[in-house]
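A note on names: the letters A, B, ... follow the listed sequences, proteins ahead of strands, and every chain is numbered from 1. From a predicted model like this one, the values you see are computed outputs, not experimental measurements.
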2 protein chains.
Amino acid sequence: MPKDTLPGLTACNYAMLRRATRKLGQFYDDVQAPSGLKATQQGLLYQIHIGGEPAMGAIAAALVMDLSALGHTLKPLVRDGFVETFTDPDDRRIKRVRLTQQGRIKLDEAMKLWQTAQQRFEDVVGKEKAERLRAMLDDISALDFDLPTATPAIPAKA
Amino acid sequence: MPKDTLPGLTACNYAMLRRATRKLGQFYDDVQAPSGLKATQQGLLYQIHIGGEPAMGAIAAALVMDLSALGHTLKPLVRDGFVETFTDPDDRRIKRVRLTQQGRIKLDEAMKLWQTAQQRFEDVVGKEKAERLRAMLDDISALDFDLPTATPAIPAKA
DNA sequence: TTGATTTAGTGGCATATACCACTTTCAACG
DNA sequence: CGTTGAAAGTGGTATATGCCACTAAATCAA
């Protein structure tokens with residue numbers, strides 16, 4: 001039975017990460033469904049909320065997310081009136097983002113549900129273990145994987 | 001400065017998970033790009049490979065993935081000739097999946113690149129720590145979050 | 001055997017994300 | 001000043017995923 005000796009996908013860090021993400025997504029989304037927001041959207045609203053009218057690029061950087069992906073993700077939230085954008089008066093390249101009144105209200109509502117999910121998760125997994133998990137994940141998000149695929153030590157400007 | 005006292009999104013298990021997933025996705029995808037497969041596709045091919053002509057439902061269950069999502073994800077792989085499907089002769093509801101010859105070759109190719117990425121990840125994070133991470137993620141994928149949202153102890157068939 | 005129920009997938013629709021090719025602004029230089 | 005190159009976003013295209021409504025096939029009951 002070769003299948004027992006094959007490593008299985010449990011060996012792949014990325015595959016494990018995605019699988020666990022799907023699992024948690026189903027859970028958090030389910031709990032937060034009454035608010036009408038997906039957990040992803042709630043997270044984005046929150047990030048904007050604590051960001052102080054952040055620029056698109058700042059949000060993307062904080063979330064380790066592609067800038068264009070952020071733009072797309074933001075669209076439904078703008079369409080539904082939870083978020084609005086405006087051009088930075090000092091640098092017209094920069095687009096800043098903020099919550100609308102409605103967005104703040106909706107975020108409040110969603111946060112209450114979030115707490116339920118979060119609490120439940122920690123009850124099941126253990127507060128201490130959850131903390132360790134988040135710390136590890138935070139580390140990973142900050143890593144630098146530079147593959148030295150022919151790194152010119154110093155481009156020497158030539 | 002209220003921003004320093006706000007919990008930041010680092011408190012949310014799900015948000016952390018997604019952020020780390022994006023980070024690793026960018027890394028693994030980048031390393032595996034030469035094969036033409038995304039890391040997600042490589043993972044799926046591998047799962048099929050070790051599954052012994054698995055049924056759609058079996059794959060979805062193993063990956064904690066929605067069945068319809070799996071169907072969609074499979075399409076490009078079928079289109080590109082890496083995977084083929086056939087109806088189970090003993091139960092025509094069941095659709096089984098297997099790699100084509102071309103699919104096996106492509107998987108081999110991608111696995112070599114995967115090993116590079118995997119190795120690099122473990123070099124940076126530490127083999128032991130990576131192992132703990134995967135174990136935790138594996139646990140999470142197997143959890144049962146039943147929120148007793150009015151659980152009728154026994155529907156009593158009425 | 002027939003009608004109700006359950007199981008396995010499909011298709012449509014919507015969000016999440018990524019990469020690439022542009023466009024618009026700034027900023028730096030000569 | 002212009003020219004040039006970097007910085008910030010936008011739009012298009014493609015995959016990843018999920019939910020829901022629906023169909024087909026198998027099972028269970030009566």
Side-chain angles (χ1 to χ4, degrees), chain A residues 14-15 17-30 32-33 36-45 47 54-61 63-80 82 85-97 157, chain B residues 14-15 17-30 32-33 36-45 54-61 63-80 82 85-97 155 157:
Chain A
Y14 180 47
L17 209 38
R18 277 187 304 116
R19 197 174 62 164
T21 299
R22 285 191 291 268
K23 178 77 176 193
L24 273 204
Q26 285 158 21
F27 173 58
Y28 276 76
D29 273 353
D30 197 47
Q32 300 197 309
L37 290 180
K38 315 290 246 29
T40 47
Q41 301 180 313
Q42 182 262 333
L44 183 48
L45 288 192
Q47 184 65 32
M56 297 279 292
I59 302 173
L63 297 181
V64 188
M65 172 181 285
D66 181 88
L67 180 57
S68 77
L70 173 62
H72 297 145
T73 303
L74 221 40
K75 268 176 197 159
L77 295 172
V78 173
R79 178 200 60 199
D80 296 340
F82 298 135
T85 62
F86 61 100
T87 300
D88 184 309
D90 294 332
D91 184 340
R92 274 172 304 173
R93 288 174 301 180
I94 295 178
K95 190 165 82 168
R96 293 187 176 281
V97 187
K157 196 169 190 154
Chain B
Y14 181 47
L17 209 37
R18 277 188 302 117
R19 199 176 60 164
T21 299
R22 285 191 291 268
K23 178 77 176 194
L24 273 204
Q26 285 158 18
F27 172 59
Y28 276 75
D29 273 353
D30 197 47
Q32 300 198 308
L37 289 181
K38 315 290 246 29
T40 47
Q41 301 179 314
Q42 182 261 334
L44 183 48
L45 288 191
M56 297 279 291
I59 301 173
L63 298 181
V64 188
M65 172 180 285
D66 183 87
L67 180 57
S68 77
L70 173 61
H72 297 146
T73 303
L74 222 39
K75 269 177 196 158
L77 295 172
V78 173
R79 178 200 60 200
D80 295 340
F82 298 134
T85 62
F86 61 101
T87 300
D88 184 309
D90 294 332
D91 185 338
R92 275 172 303 173
R93 287 173 303 180
I94 294 179
K95 189 164 83 168
R96 294 188 176 282
V97 188
K157 194 171 194 149

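Across the protein-nucleic acid pair, R18(A) atom CZ and dT15(D) atom C1' stand 11 Å apart, rounded to whole Å. In this structure, CD of Q26(B) is placed 15 Å from C1' of dA16(D), rounded to the nearest angstrom. The nearest whole Å value for the distance from the CG atom in L77(B) to the C1' atom in dA14(D) is 13 Å. The nearest whole Å value for the distance from the CG atom in L74(B) to the P atom in dA16(D) is 10 Å. Atom CZ of F27(A) is separated from atom P of dG18(D) by 16 Å (rounded to the nearest Å). Atom C1' of nucleotide dA16(D) and atom CG of L37(B) are separated by 15 Å, given to the nearest angstrom. Between the P atom of dA26(D) and the CG atom of D90(B) lies a distance of 10 Å, rounded to the nearest Å.
Using modelled atom types, no side-chain atom of D80(A) and backbone atom of F82(A) make a donor-acceptor pair closer than 3.5 Å. No donor-acceptor pair under 3.5 Å is formed between the side chain of Q32(A) and the backbone N or O of D29(A).
Listed by chain and residue number, D91(A) satisfy the salt bridge (charged side-chain N to carboxylate O under 4.0 Å, His left out) test with R93(A) (two or more places apart in sequence, or in another chain). D66(A) meets the salt bridge (charged side-chain N to carboxylate O under 4.0 Å, His left out) test with no other residue; sequence neighbours excluded. Every side-chain contact (heavy atoms from CB on, under 4.5 Å) that T21(A) has, sequence neighbours left out, goes to Y14(B), L17(B), R18(B), T21(B).
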Criterion side-chain contact (heavy atoms from CB on, under 4.5 Å) on T85(A) and R96(A), from CA distance to verdict: CA-CA 5 Å; T85(A) 62; R96(A) 293 187 176 281; over 6 Å; no
side-chain contact (heavy atoms from CB on, under 4.5 Å) between L74(A) and M56(A), intermediate numbers included: CA-CA 10 Å; L74(A) 221 40; M56(A) 297 279 292; 3.6 Å; yes
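With the end axes of the helix from dT1(C)-dA30(D) to dG30(C)-dC1(D) each set by five pairs, the angle from one to the other reads 10° at 10° resolution.
Mapped onto DNA chain C by nearest heavy atom, L70(A) and D88(A) fall at different nucleotides, with L70(A) at the one closer to the 5' end. In terms of position along DNA chain D, the nucleotide closest to K23(A) lies nearer the 5' end than the nucleotide closest to the other residue of the pair R93(B) and K23(A). Across the interface with DNA chain C, nearest-nucleotide mapping of R22(B) and I94(B) shows I94(B) to be the residue nearer the 5′ end. Between D29(A) and R79(B), the residue anchored nearer the 5' end of DNA chain D, judged by the nucleotide with its closest heavy atom, is R79(B).
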Protein-nucleic acid N or O pairs under 3.5 Å, nucleotides 10-13 of chain D:
from	atom 1	to	atom 2	distance (Å)
dT10(D)	OP1	K95(A)	NZ	2.3

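Bracketed by its first and final contacts, the part of DNA chain C lying under 4.0 Å from non-hydrogen atoms of chain B reaches from dT7(C) to dA18(C) in 5' to 3' order.
Among the atoms of the strands shown, none is found under 4.0 Å from any heavy atom of R96(B).
Remark: T73(B) is not in phosphate contact with dT15(D), judged by side-chain N or O atoms under 4.0 Å from OP1 or OP2.
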